[in-house]
Amino acid sequence: MYVDLFRKLYSPRQGGVRMLLLTFLAAAIGTALVAWVLITMLARKQEARDPYVRVVDLNEISVDPEPWGRNWPHQFDGWKSTAGDKFYGGSSAMPQSKLEKQPWLKRLYAGYAFSIDYREARGHAYMLYDQGVTERVTKKPQAGACLHCHGSTSVLYRKVGLEALDKDSSDEALSAGFNMEAVQKGFEQLSTKSYEEVLAMLKQTPDGTPEENKPVFPQAPVGGFEGEFAGKPVPEDHPEIGEAHPVTCIDCHDPKTMEIRVTRPGFINGIRDLAEGDAPAPHLPSIDKWRNGNRDVPYDPNVHASRQEMRSFVCGQCHVEYYCANKMTLTFPWKNGLRMEDEERTWEETTFPDGSEFFDYVHGETGAKTYKVQHPEFELWSQGIHARSGVSCADCHMPYQRVGAAKLSSHNVRSPLLNINASCQNCHHQSEAELAGRIETIQERNQALLERAGAAMTEMVDAIKEAKAAGADEESLKDVYVLQRKAMWRLDYISSENSRGFHADQEAARILGESIDYSRQAQAAALRLRAPEAPSTEDLPVEEVQGVTKPKS
């Protein structure tokens, strides 16, 4: 019986039916699979073509980043990630003091607010908070120009500028468009006002979300941890209600098109001065192109720069050297070029509006007039191999990432060392360990040379003080002060630059070598002024040079 059943089931006729069924099933599965692939490809193409859904309409007062985050959630999440896993506020959460780690910094900045409080930098999320609580602001008077980079200020500049130009400055007018003329005018109006005055105005400036008053990141306590501005209690009329934001989406993107743009007037003026000069800028081809054209309009990065250049320019709005005290409008010293000595020359040629000599501060120990460097990352990068190779700031600090079919720049702006795979290995095909080792070697050597320059600087200052104690007058010390200024400028240039020499390692070493040289020159000159007149050396025995063929008589 079982044999008959087996024969019926596996007869040639039954096998043909089974084969037909299997063929049908395979065809159905294959068709479904092909259909799924085609649908997925179509969806991904559409996703790449339209990488966001505009659920909120934005305009030129949309300073608050939360509405932007509804349209571009991935970028918004990245921006928030600059705070770390959570926002750490309060005095106990402040980063380490550089003054404790490198005590020579106190002597470098003697007479300047940085000798009071100077800490390690944190991410963009903290840029306004940390400025609001530093004792540089709470203990000493500071200019409102400091907010040019630490706050989202373009709407405030535009509002003040429109008022100064006697034009409509209502919220509707501010929303309508980005008026650079008004931004420039407001920037000039506010550059010399006090920090607390400009901060109060910034808090009351419309940010596009009038219905709510809670910023993404906590605001600094008014007057820092001790409730003071410039060593005095916070004025009673300082506004307690209102929002001030750190750098946000509107500072780098057009709210209608999301195109990258430059909004900071300091950079607009500085890069225009650079273009109008004759200093080489091979890493910025749009400047050469503009120079070789008819120059019928001033160079404007938002008009003339390539997209790749803009991926560095938006960073160069703030990560640069500039003057930001209250004796004149905030200035980028780029008219002679982007090298350290080009900027030094610009400051040497600069005078204040009253005609007096330009300087940042009088050194508290020697009395020399000297310069204070801010954070010249853009300028040092400009001298390095990455800039010459066409690599932008964003390529390393905001590397591209895949989100579905979309290709996005990471908005978690941070050190490339924290993401070597995305930041470095697109170009460098070595292991992460080898690349990290290269970077660390550069930075360790830079740090060692920096410490030697710091030691030379302190010995220079000691020698100048001794010369003054021995009776050297200001006239005899004039040339020594010039040497001191040059030594300190170079030391500060690399100490304040936040790549620890990596952006241009050979250039950083050259600058520190010059700093050491100038410190030793000043030290030697001061010691001569301190000591009695040197005795004659004419009667000392001198051995003739050996190994040199004497000329025939």
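Sequence positions, counted from 1, serve as the residue numbers for this chain. Side-chain atoms are counted along with the backbone in the values below, which use heavy atoms only and exclude waters and symmetry mates.
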Peer 1: Which of parallel (below 30°), tilted (30 to 60°) and perpendicular (above 60°) describes Phe87 and Tyr129?
Peer 2: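 The arrangement is perpendicular - the two ring planes meet at more than 60°.
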
Peer 1: Scan side-chain atoms only and decide if Gln443 and Asp505 contain a donor-acceptor pair under the 3.5 Å cut-off.
Peer 2: no

Peer 1: Does Arg261 qualify as a cation-pi partner of Phe178, given the criterion of NZ or CZ under 6.0 Å from the six-membered ring centre and within 45 degrees of its axis?
Peer 2: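 Yes, a cation-pi geometry.
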
Peer 1: Does any non-hydrogen side-chain atom of Glu432 lie less than 4.5 Å from one of Leu435?
Peer 2: no

Peer 1: Under 3.5 Å, is there a donor on one side chain and an acceptor on the other for Asp492 and Tyr371?
Peer 2: no

Peer 1: Do Phe217 and Tyr126 have ring centroids that are under 6.0 Å from one another?
Peer 2: no

Peer 1: Is a donor from one side chain sitting under 3.5 angstrom from an acceptor on the other, for Ser81 and Asn412?
Peer 2: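 Side-chain D/A pair, Ser81 to Asn412: absent.
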
Peer 1: Should the heavy atoms of other residues, nucleotides or ligands under 6.0 Å from CG of Asp278 be counted, would the total exceed 12?
Peer 2: no

Peer 1: Salt bridge or not between Arg345 and Asp342? Use side-chain N to carboxylate O under 4.0 Å.
Peer 2: no

Peer 1: Check each of Arg70, His411, Glu66 against Phe76 using the side chain to side chain contact (heavy atoms under 4.5 Å, CB included) test, and report the only one that passes.
Peer 2: Glu66

Peer 1: How are the rings of Phe378 and His283 set relative to one another: parallel (under 30°), tilted (30 to 60°) or perpendicular (over 60°)?
Peer 2: tilted

Peer 1: Can you check whether Asp130 reaches His150 side chain to side chain, under 4.5 Å on heavy atoms?
Peer 2: no

Peer 1: Are the charged groups of Asp117 and Arg119 less than 4.0 angstrom apart, N to O?
Peer 2: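 Between Arg119 and Asp117 there is a salt bridge, with a charged N closer than 4.0 Å to a carboxylate O.
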
Peer 1: Is it true that the side chains of His503 and Glu497 contain a donor and an acceptor less than 3.5 Å apart?
Peer 2: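 A pair is found: one side chain offers a donor N or O, the other an acceptor, under 3.5 Å apart.
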
Peer 1: Judged by modelled atom types alone, do Trp381 and Glu507 share a side-chain donor-acceptor pair under 3.5 Å?
Peer 2: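 Trp381 vs Glu507: no donor-acceptor pair found between side chains.
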
Peer 1: Side-chain contact test, heavy atoms from C-beta onward, threshold under 4.5 Å: evaluate it for Ser194 versus Asn326 and give yes or no.
Peer 2: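 Ser194 vs Asn326: side chains apart.
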
Peer 1: Given the ring of Tyr112, does Lys372 sit roughly above its face, with NZ or CZ under 6.0 Å from the centre of the six-membered ring and within 45° of the axis?
Peer 2: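 No, Lys372 and Tyr112 do not form such a contact.
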
Peer 1: Determine the interplanar angle of the His148 and Phe332 rings, folded into 0 to 90°, and report it as parallel if under 30°, tilted if 30 to 60°, perpendicular if over 60°.
Peer 2: perpendicular

Peer 1: Has Lys486 got more than 12 heavy atoms of other residues, nucleotides or ligands less than 6.0 Å from its NZ?
Peer 2: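 Yes, NZ of Lys486 has more than 12 neighbouring heavy atoms, counting only those of other groups under 6.0 Å.
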
Peer 1: Can Lys203 and Glu243 be said to form a salt bridge (Lys or Arg N to Asp or Glu O under 4.0 Å), step by step?
Peer 2: CA-CA 5 Å; Lys203 288 182 176 180; Glu243 290 184 70; over 6 Å; no

Peer 1: Evaluate salt bridge (Lys or Arg N to Asp or Glu O under 4.0 Å) for Glu341 paired with Arg510, printing each intermediate quantity in order.
Peer 2: CA-CA 12 Å; Glu341 50 265 59; Arg510 180 186 75 85; 2.9 Å; yes

Peer 1: Is it true that the side chains of Tyr493 and Glu343 contain a donor and an acceptor less than 3.5 Å apart?
Peer 2: yes

Peer 1: Please determine, by modelled atom types, if Arg311 and Ser409 share a side-chain donor-acceptor pair under 3.5 angstrom.
Peer 2: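 A donor-acceptor contact under 3.5 Å links the two side chains.
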
Peer 1: Measuring only between side-chain heavy atoms, which start at C-beta, is His397 closer than 4.5 Å to Cys315?
Peer 2: no

Peer 1: One thing to verify: whether Arg295 and Glu276 come together as a salt bridge, which I'm taking to mean a side-chain N less than 4.0 angstrom from a carboxylate O.
Peer 2: no

Peer 1: Taking atom types as modelled, is there a side-chain donor on Tyr157 or Gln184 under 3.5 Å from an acceptor on the other?
Peer 2: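 Gln184 and Tyr157 do not have a side-chain donor-acceptor pair below 3.5 Å.
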
Peer 1: In the structure I gave you, are the side-chain heavy atoms of Asp207 and Val155 within less than 4.5 Å of one another anywhere?
Peer 2: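 Sidechains of Val155 and Asp207: no contact.
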
Peer 1: Thinking salt bridges, do Asp354 and Lys327 make one under a 4.0 Å N-O criterion?
Peer 2: no

Peer 1: Please determine whether side-chain hydrogen bond (donor to acceptor under 3.5 Å, both in side chains) holds for the pair Asn336 and Glu349, giving the CA-CA distance in whole Å, both sets of side-chain angles, and the decisive distance to 0.1 Å.
Peer 2: CA-CA 10 Å; Asn336 292 310; Glu349 295 172 351; 3.3 Å; yes

Peer 1: Please determine if Glu434 and Arg438 form a salt bridge, counting it only when a charged side-chain N lies under 4.0 Å from a carboxylate O.
Peer 2: yes

Peer 1: Look at atom CZ of Arg445 and say whether more than 12 heavy atoms of other residues, nucleotides or ligands are closer to it than 6.0 Å.
Peer 2: no

Peer 1: Salt bridge check, Lys167 against Glu181: does any charged N sit closer than 4.0 Å to a carboxylate O?
Peer 2: yes

Peer 1: Would you say that Ile250 contacts Glu60 through its side chain, given a criterion of any heavy-atom pair below 4.5 Å between the two side chains?
Peer 2: yes

Peer 1: Measure the acute angle between the ring planes of Tyr299 and His304, then classify it against the limits of 30° and 60° as parallel, tilted or perpendicular.
Peer 2: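 Correct class here is parallel.
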
Peer 1: Nearest 0.5 Å please: distance from the OG atom of Ser431 over to the CD atom of Gln425.
Peer 2: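 Ser431 OG to Gln425 CD: 7.5 Å, rounded to 0.5 Å.
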
Peer 1: Could you tell me if Asp395 and Gln308 have a donor-acceptor pair between their side chains, going purely by distance under 3.5 Å?
Peer 2: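 Looking only at side-chain atoms, Asp395 and Gln308 do form a donor-acceptor pair, the distance falling under 3.5 Å.
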
Peer 1: Is the gap between the ring centers of Phe358 and Tyr323 under 6.0 Å?
Peer 2: yes

Peer 1: NZ of Lys98: more than 12 outside heavy atoms within 6.0 angstrom?
Peer 2: yes

Peer 1: Could you tell me whether Phe267 and Trp334 have their ring centroids closer than 6.0 angstrom?
Peer 2: yes

Peer 1: Any chance you could lay out the side-chain hydrogen bond (donor to acceptor under 3.5 Å, both in side chains) test for Glu309 and Ser286, step after step, and finish with the verdict?
Peer 2: CA-CA 8 Å; Glu309 288 173 313; Ser286 67; 2.8 Å; yes

Peer 1: Is it true that the NZ or CZ of Arg136 lies under 6.0 Å from the centre of Phe114's six-membered ring and within 45 degrees of the ring axis?
Peer 2: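 Yes, cation above the ring, under 6.0 Å and within 45°.
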
Peer 1: Looking at Glu379 and Arg339, is there a salt bridge between them, counting it only when a charged N and a carboxylate O are closer than 4.0 Å?
Peer 2: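 Salt bridge flag = no for Glu379 with Arg339.
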
Peer 1: Is it true that Arg272 and Asp300 have a side-chain N and a carboxylate O under 4.0 angstrom from each other?
Peer 2: no

Peer 1: Within the 4.5 Å heavy-atom criterion, are Asp64 and Pro215 side-chain neighbours or not?
Peer 2: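 Asp64 vs Pro215: side chains apart.
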
Peer 1: Would you call Glu348 and Arg485 a salt bridge, taking side-chain N to carboxylate O under 4.0 Å as the test?
Peer 2: yes

Peer 1: Could you check whether any side-chain heavy atom of Asn426 comes within less than 4.5 Å of a side-chain heavy atom of Pro399, counting everything from C-beta outward?
Peer 2: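 They are not in contact (no side-chain heavy atoms under 4.5 Å apart), so the answer is no.
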
